[in-house]
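A short worksheet on the structure shown next.
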Amino acid sequence: MNSMTSITPLRYSVLLLVASLTGCASITPRTAGIQPGKARETLQAGNERFLAGGMHAHSWHQERVIQTGAFGQSPSVGVLTCADSRTPPEIIFDEGIGDLFVVRTAGNHEDAGGTGTFEYGVAALGVHTILVLGHTKCGAVDATIEGNPLPGSMPTFTDAIRPALAGLASPIELTAASEANVRYQMKRLLEQSEILRTANRDGKLTMLGGMYDVSTGRVRFLD
Ligand SMILES: [Zn+2]
């Protein structure tokens, strides 16, 4: 993580020269990212591009690396999602380097490290939206439903997910449990953080929830 970095005209000229030599001809300061109040529709549109195979290849080009390296990061949207290797947020939303501020834990559960990370994103980097993204076939949620003893530090995530399952009809269905877990972790983030709660209350932070289908690649936003 880095704060915004100032850039001198000389340094910018050098960057332009490097860019021209490396084929990146149009280096400009990063323009505003995802606009406040537009996160849901912007991410939805990115997911549609991902589904259609028409992703913005420029998001990953060296030009973007040079831009964000020179001008600093200003991510707009924080994402709390699962560590599951099938749910990489930048790919499934067709966002690029410098766009998303991501925390990943098993079962996308809230913990102190993640919450502090989002507090930094909101307070220092301009993050205006946090999306909690669950997914189908989540092993961490499934392990919580099963309830078998787990070794090592793994109970930290089942313990963090278990309260989300309270009140669900038995036998608990995995996708319904994962969706309940998204709603619970959204609530937990605000409960655990005065900074996030205040920003949300003041209209500076929007909370979103969503479910990613690992079989289709489609994200469904929760109401
Ligand atoms: Zn998972």
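The figures that follow rest on heavy atoms only: side chains count, while hydrogens, waters and symmetry mates do not. Counting convention: from 1, in listed order, for ligands and their atoms alike.
- The closest donor-acceptor contact from the side chain of R49 to the backbone of M55 lies at 3.5 Å or more, if one exists at all.
- Around the Zn ion (ligand 1), the protein atoms of type N, O or S found under 2.8 Å away are C82 SG, H135 NE2, C138 SG, listed by chain and number.
- Of the residues I161, V141, V132, the one that meets the side chain to side chain contact (heavy atoms under 4.5 Å, CB included) test with N108 is V132.
- With a 4.5 Å cut-off on side-chain heavy atoms, V103 and F118 count as touching.
- E119 and S193 form a side-chain donor-acceptor contact under 3.5 Å, judged by distance and modelled atom types alone.
- Proximity of a side-chain donor or acceptor of Q185 to a complementary backbone N or O of E110 within less than 3.5 Å is detected.
- R104 and T87 form a side-chain donor-acceptor contact under 3.5 Å, judged by distance and modelled atom types alone.
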